[in-house]
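The first residue in the sequence is number 1, and the count goes up from there.
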Amino acid sequence: MVQTNCGFTLVHLLKGNIGTGLLGLPLAVKNAGIVVGPISLLIMGIIAVHCMDILVKCSHHLSTKKPFMDYGDAMQYGLEVGPIPFLRRHSIWGRWIVDLFLIITQLGFCCVYFVFLTDNVKQVVQAANGTTTNCNYNETVVLSPTFDSRLYMLCFLPFITLLVFIRNLKYLAPWSLAANVAMLISLIMIYQYIVRGIHYPVTLPYEASFKTYPLFFGTAIFAFEGIGVVLPLENKMQKPRSFRTVLFLGMIIVTVLYISLGTIGYLQFGDNIGASITLNLPNCWLYQAVKLLYSFGIFITYAVQFYVPAEILVPLAVSRVSERWMLAVDLLCRTGLVILTCLLAILIPELDLVISLVGSISSSALALILPPILEIFAFYSDGLPWWAIAKNIIISIIGFVGFVTGTYVSIQEIVLRNSIKNTLNFTASGIL
């Protein structure tokens with residue numbers, strides 16, 4: 001196993017937590033309110049980091065079962081030593097549940113990437129004729145007619161399919177490094193733009209409607225869901241005992257980044273904030289390049305996020321065929337999974353709602369619901385204090401309530417927007 005030092009581990013931890021969810025946080029703050037939003041992000045960040053720490057502690061406690069664990073291992077062995085005989089006999093269910101939510105989460109990320117790429121590239125193409133060199137203000141331009149968003153997704157499909165045919169991540173390493181640099185430059189450019197020209201006094205609502213808060217929850221937990229990379233990163237450290245320090249430092253950086261971008265972005269653009277803050281950048285060549293740079297980073301990151309579900313699902317199919325057909329079945333499975341994510345994105349081409357839905361369904365389970373339950377089971381024989389059990393139950397209940405309400409409101413909004421679009425299309429066709 002290749003071991004890494006604290007610096008590399010910190011970089012990988014930051015990369016595992018920073019993606020498209022970050023750019024959707026200004027809209028999330030709008031859905032919660034300019035005061036309630038940042039406070040909620042801070043609280044959610046504290047809980048998410050605490051749950052990551054719980055997972056690390058449980059893996060250490062269960063290390064006699066297996067020295068190097070992933071999330072699924074920890075859940076399986078936690079059930080083995082828990083208080084319920086039925087679950088002890090069926091402890092493998094713990095791994096299956098974690099793997100299921102990991103697959104949903106990672107494929108959900110891939111769906112989000114399709115929508116993100118489409119929205120940003122489409123906006124660049126639409127504004128191409130009106131793009132200027134003046135970046136001092138966001139000049140309104142006449143957008144040129146272009147293809148439907150779904151056609152853009154179909155255009156991306158063959159290129160992404162070819163990308164995931166690269167089965168060994170080491171061959172993606174140079175491109176992944178380039179993607180990281182591109183996304184870092186883009187974030188710096190976004191920050192330096194949004195901190196200028198904030199309107200005072202601030203007239204934005206302190207708290208938003210309770211009906212939109214579940215959308216905030218889904219987007220926020222989508223952004224904070226980096227728990228799947230925690231144990232693999234610790235396993236590769238030269239000094240695993242230093243991992244908790246790296247974890248806390250990295251997540252403090254992530255939380256500050258999330259709160260600052262979400263709050264400042266909403267302050268800058270107000271009610272006009274888009275599903276991704278990149279969609280609010282000026283129509284000048286500099287910031288059009290920023291959109292394309294970040295899109296390039298997301299395009300490469302698709303293959304990295306796709307690696308997790310592929311490693312779980314593809315071997316199941318390959319193991320059922322002879323050696324002669326293994327490569328063909330491998331590539332066919334990868335193609336099918338990419339097509340699945342593309343079709344889901346085509347069905348729900350709303351970036352903010354896809355992020356909220358994925359966050360509510362799977363990220364809440366992995367980041368909030370399962371870790372507290374795992375601690376109760378893993379430390380059952382040692383006797384957890386009552387306050388620790390109560391704390392874990394409360395966190396899991398918060399995650400479950402967010403799961404139910406976030407999923408319901410996200411689906412409700414998806415249906416509502418689709419019905420509005422269908423009505424507008426029907427009206428337009430009637431006029432023509």
Task: Donor-acceptor contact below 3.5 Å, side chain D330 vs main chain M326 - done: no
- [ ] Without swapping roles, check the side chain of H61 against the backbone of A378 for a donor-acceptor pair under 3.5 Å.
- [x] yes
Task: Exam field: side chain Y213 to backbone N31, donor-acceptor pair closer than 3.5 Å - done: no
TODO: Determine whether L343 and M153 make a side-chain contact, defined as any pair of heavy atoms from C-beta on separated by less than 4.5 Å.
DONE: no
Task: Any L257 side-chain heavy atom under 4.5 Å of Y191 side chain - done: yes
Open item on the list: Using only atom types and a distance under 3.5 Å, with no angle test, would you say the side chain of S396 pairs donor to acceptor with the backbone of I369?
Closed with: yes
Open item on the list: I need the full list of side chain to side chain donor-acceptor pair (under 3.5 Å) pairs touching residues 263-277, with sequence neighbours left out, sorted by first then second residue.
Closed with: S276-T278
Open item on the list: Is any side-chain heavy atom of I103 closer than 4.5 Å to one of V308?
Closed with: no
Open item on the list: When you compare the side chain of F377 with that of Y380, does any pair of heavy atoms fall below 4.5 Å?
Closed with: no
- [ ] State plainly whether the residues D70 and R95 are in salt-bridge range, i.e. N to O under 4.0 Å.
- [x] yes
- [ ] Give a yes or no on whether the backbone of G82 and the side-chain of R88 come within a donor-acceptor separation of less than 3.5 Å.
- [x] yes
Open item on the list: Using 0.5 Å steps for rounding, measure from the OG1 atom of T335 to the CG atom of L340.
Closed with: 12.5 Å
Open item on the list: Any heavy-atom pair between the side chains of F216 and L41 that's under 4.5 Å?
Closed with: yes
- [ ] Name all pairs fulfilling the ring-ring contact (aromatic ring centres under 6.0 Å, His included) condition that reach into residues 381-415, sequence neighbours left out, sorted by first residue then second.
- [x] none
Open item on the list: The test is side chain to side chain contact (heavy atoms under 4.5 Å, CB included); show your working for C58 and I54 and say whether it passes.
Closed with: CA-CA 6 Å; C58 289; I54 286 176; 4.0 Å; yes
Open item on the list: Looking at D352 and K30, is any side-chain nitrogen of the basic one under 4.0 Å from a carboxylate oxygen of the acidic one?
Closed with: no
Task: Intermediate values then yes/no, ring pair (Phe, Tyr, Trp, His ring centres under 6.0 Å), F109 and F306 - done: CA-CA 9 Å; F109 287 168; F306 183 85; over 10 Å; no
- [ ] Going by the side chain to side chain contact (heavy atoms under 4.5 Å, CB included) test, name the single residue among I253, V29, L22, L42 that passes it with Y258.
- [x] L22
Open item on the list: If you compare all heavy atoms of V115 against all heavy atoms of I348, which two are closest, and at what distance to 0.1 Å?
Closed with: CG2-O, 4.0 Å
- [ ] Report the C-alpha separation of K211 and Q412 in whole Å, then their side-chain angles, then the decisive distance to 0.1 Å, and conclude whether the side chain to side chain contact (heavy atoms under 4.5 Å, CB included) test is met.
- [x] CA-CA 11 Å; K211 293 180 180 179; Q412 187 181 51; over 6 Å; no
Task: Closest non-hydrogen atom pair between G274 and L27, with its separation - done: O-CB, 3.7 Å
Task: Parallel, tilted or perpendicular: rings of H90 and F86 (30°, 60°) - done: tilted
Task: Non-hydrogen side-chain atoms of I221 and M44 separated by less than 4.5 Å - done: yes
- [ ] Find out whether V112 and F222 are in side-chain contact, i.e. whether some heavy atom of one side chain is under 4.5 Å from a heavy atom of the other.
- [x] yes
Task: CZ-CD1 distance between F269 and I194, expressed to the nearest 0.5 angstrom - done: 7.0 Å
Task: Which atom of P282 lies closest to which atom of Y287, heavy atoms considered - done: O-CB, 3.6 Å
Open item on the list: As an exercise, state the distance from CH2 of W93 to CD of Q76, rounded to the nearest 0.5 Å.
Closed with: 13.0 Å
Task: Closest approach of S149 to K122 (non-hydrogen atoms, all atoms of both residues) - done: OG-NZ, 3.1 Å
TODO: Check the surroundings of atom OH in Y171: do more than 12 heavy atoms from other residues, nucleotides or ligands lie under 6.0 Å from it?
DONE: no
Open item on the list: Please check: side-chain N/O of R334 versus main-chain N/O of F165, any donor-acceptor pairing under 3.5 Å?
Closed with: no
Let me check something: any side-chain donor-acceptor pairs from residues 295-302 under 3.5 Å, sequence neighbours excluded? List them with distances.
{"unit_1": "S295", "atom_1": "OG", "unit_2": "K291", "atom_2": "O", "d": "2.7"}
{"unit_1": "T301", "atom_1": "OG1", "unit_2": "G297", "atom_2": "O", "d": "2.6"}
{"unit_1": "Y302", "atom_1": "OH", "unit_2": "T341", "atom_2": "OG1", "d": "2.7"}

- [ ] Measure from the side-chain N and O atoms of T407 to the backbone N and O of V404, and report whether any donor-acceptor pair falls under 3.5 Å.
- [x] no
Open item on the list: On a heavy-atom basis, which atom in T255 and which in G45 lie closest, and how many Å separate them?
Closed with: OG1-CA, 4.2 Å
Open item on the list: Tell me whether S356 contacts the main-chain N or O of L353 through its side chain, where contact means a donor paired with an acceptor under 3.5 Å.
Closed with: no
TODO: Taking all non-hydrogen atoms of both residues into account, name the closest pair between V98 and L370 and its distance.
DONE: CG2-CD1, 4.1 Å
TODO: Can you spot which of I273, N120, L23 makes a side chain to side chain contact (heavy atoms under 4.5 Å, CB included) with L279?
DONE: N120
TODO: Indicate yes or no: at least one non-hydrogen side-chain atom of L13 is less than 4.5 angstrom from one of L247.
DONE: yes
Task: Lys/Arg-Asp/Glu bridge criterion (N-O < 4.0 Å) met for E375, K391 - done: yes
- [ ] Determine, stepwise, if the pair F114 / Y152 fulfils side chain to side chain contact (heavy atoms under 4.5 Å, CB included).
- [x] CA-CA 9 Å; F114 261 109; Y152 275 88; over 6 Å; no
- [ ] Drop me the distance from I346's CD1 to L344's CG, to the nearest 0.5 angstrom.
- [x] 9.5 Å
Task: Interatomic distance, F224 atom CZ to M52 atom CE [nearest 0.5 angstrom] - done: 8.5 Å
Open item on the list: The test is side chain to side chain contact (heavy atoms under 4.5 Å, CB included); show your working for L215 and E413 and say whether it passes.
Closed with: CA-CA 9 Å; L215 296 176; E413 283 295 310; 4.2 Å; yes
Open item on the list: Nearest 0.5 Å, please: how far is OG1 in T212 from CD in E207?
Closed with: 10.5 Å
